[in-house]
Amino acid sequence: MQNVNNIPRRVWLEVSLQRLIDNFRKIEQAVAPAQVLAVLKANAYGLGVLPIARALSDAGAAAFGVAEPHEALQLLPLGKPVQILSSVLPEEVAPMVAAGVTLPVTDLATARLISAASVRCGKPAVVHIKLDTGMGRLGLLPAEAPAVIRAACRLPGLDCQGVFSHFPFAYEAGSDLTNRQMDIFCGILDEIGRDRITFKRIHIANSDAINNFPRACRAPFNVVRTGINLHGSFDTIGRRALKVKPVLTLKTRLTAVRTLPPGTGIGYGHTCRLAAKTRVGTVSAGYADGLPLALSNRGYLLIRGIPCPVLGRISMDYTTVSLEGVPEAEVGDEVVCLGGEGMHALTVEDWAALKNTHPYEIICSFGNRVERRYV
Ligand SMILES: Cc1ncc(COP(=O)(O)O)c(C=O)c1O
């Protein structure tokens, strides 16, 4: 019997590790002497966490940031500090402390649980205090922060190495809230500094802030947390100060080439009806692979470097395109759905605009059957 593993996947996402490393270096240079923590939650935004983490570890990432315990455990073997950036549930505390994952202190009750777990297992627990300076999601509110930090720093077993916060608006250069958040953060540092409480790692900047708020990357801040810029993408709004480049290309194959008569309805709902005899191609990728439905009758895919307009509605597994611009196209041809070089390159940002969403959702939406290939 044939080994099915030898059959290549129909749809694949090429991730350029060299581009990833180049992007990392550009970020590193822009924020030096601050260190760079690579945010690799959600399977490195869907690109496949381990190959990405290994490349960034070799490139010199200071630490990795994740959202929850399973993501943290996957990264521990790489030997870098791994930090849960959001919250930790009570039942997660003991195993995370035992494993040596850096935990967020979002309130005093959590600090006490972490302390108790640390004492029980005889291992110090590294924590970063999380401040809610304006995100409205998690962490200590400014009014309570100094007292809670003082109390947490007295708890046995807690190694309070860091303090951090997060921005909701850093894509908006000069936003009042963002500046106020940093003022609040620095005010808290000053207040607890009078009690000689200091932290090794102080951080607030995400990719938006790296591009729009240089202040967030300078003392007292000495770490930045970046995710989307590593992939060469940016938030929809805001400056694009860093010259990072896209790391991914979504590719598939042409599975059929046919010439159809005028009047032929294409795909579900016949949202396209051919006005003239047309050479059409059926491409083996659909919305299950991450193609936005919004490409229907609007977007294009690249075959032999030529843009081929999408005809009709994208379906789950297939997309129909016009091959009128590429008469030499044939079954088996490689099709670039996203990425590519030159004037017709399709960017994550283009898809985000078409879909009326942000680039994060595009990157995180490639389907399970899409093979991740690291080149
Ligand atoms: C707490 C925290 N810091 C940093 C980041 C990285 O954000 P970005 O991918 O915009 O750099 C995230 C991602 O959402 C986050 O939740």
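For ligands, and for the atoms within them, numbers begin at 1 and follow the listed sequence.
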- prompt: Touching ligand 1 at all, His231? Heavy atoms, strictly under 4.0 Å?
  reply: no
message: Among all the protein's non-hydrogen atoms, which is closest to atom 5 (C) of ligand 1, and how far away is it?
response: Val39 CG2, 3.9 Å
- prompt: For atom 16 (O) of ligand 1, what's the nearest protein heavy atom and its distance?
  reply: Lys41 NZ, 3.0 Å
query: Which value, rounded to the nearest 0.5 Å, describes the distance between Leu17 atom CG and Arg373 atom CZ?
result: 14.0 Å
message: What protein heavy atom lies closest to atom 4 (C) of ligand 1? Include the residue and the distance to one decimal.
response: Arg225 NE, 3.4 Å
- prompt: Would Asp183 and Arg215 pass as an ion pair if we require N to O under 4.0 Å?
  reply: yes
query: Which ligand 1 atoms are under 4.0 Å away from a heavy-atom of Thr226?
result: 11 (O)
task: For ligand 1, find out whether one of its N or O atoms is nearer than 3.5 Å to an N or O atom of Asn206.
output: no
- prompt: Should Met316 and Leu13 be counted in the same cluster of Ile, Leu, Val, Met, Phe, Trp and Tyr side chains packed under 4.5 Å apart?
  reply: yes
Distance from atom 11 (O) of ligand 1 to nearest protein heavy atom, with residue and atom: Ser207 OG, 2.5 Å
- request: Identify the heavy atoms of Glu28 and Val36 that sit nearest to each other, and give their distance.
  value: CA-CG2, 3.8 Å
- line: Value for SG (Cys308) from CZ (Arg279), rounded to nearest 0.5 Å, stands at 10.0 Å
- prompt: Looking at atom 10 (O) of ligand 1, what's its closest protein heavy atom, distance included?
  reply: Tyr360 OH, 2.5 Å
query: So which protein heavy atom does atom 2 (C) of ligand 1 come closest to, and at what separation?
result: His166 CE1, 3.4 Å
task: Evaluate the salt bridge (Lys or Arg N to Asp or Glu O under 4.0 Å) criterion for residues Arg253 and Glu334: first the C-alpha distance (whole Å), next the side-chain angles of each, then the deciding distance (0.1 Å), finally the verdict.
output: CA-CA 5 Å; Arg253 316 278 299 279; Glu334 199 171 276; over 6 Å; no
query: Just which atoms of ligand 1 are under 4.0 Å from any heavy atom in Arg137?
result: 16 (O)
message: With a cutoff of 4.0 Å, is Tyr45 in contact with ligand 1, counting heavy atoms of the residue only?
response: yes
task: Check whether any side-chain N or O of Thr236 sits under 3.5 Å from a backbone N or O of His358 as a donor-acceptor pair, and report yes or no.
output: no
query: For the side chain of Asp190 and the backbone of Gly187, is there at least one donor-acceptor N/O pair under 3.5 Å apart?
result: no
message: Test your reading of the model: is there a side-chain donor-acceptor pair from Asn43 to the backbone of Tyr45, 3.5 Å cut-off?
response: no
message: Is it the case that ligand 1 has an N or O less than 3.5 angstrom from some N or O of Ile228?
response: yes
query: Asp208 near ligand 1, heavy-atom distance under 4.0 Å?
result: no
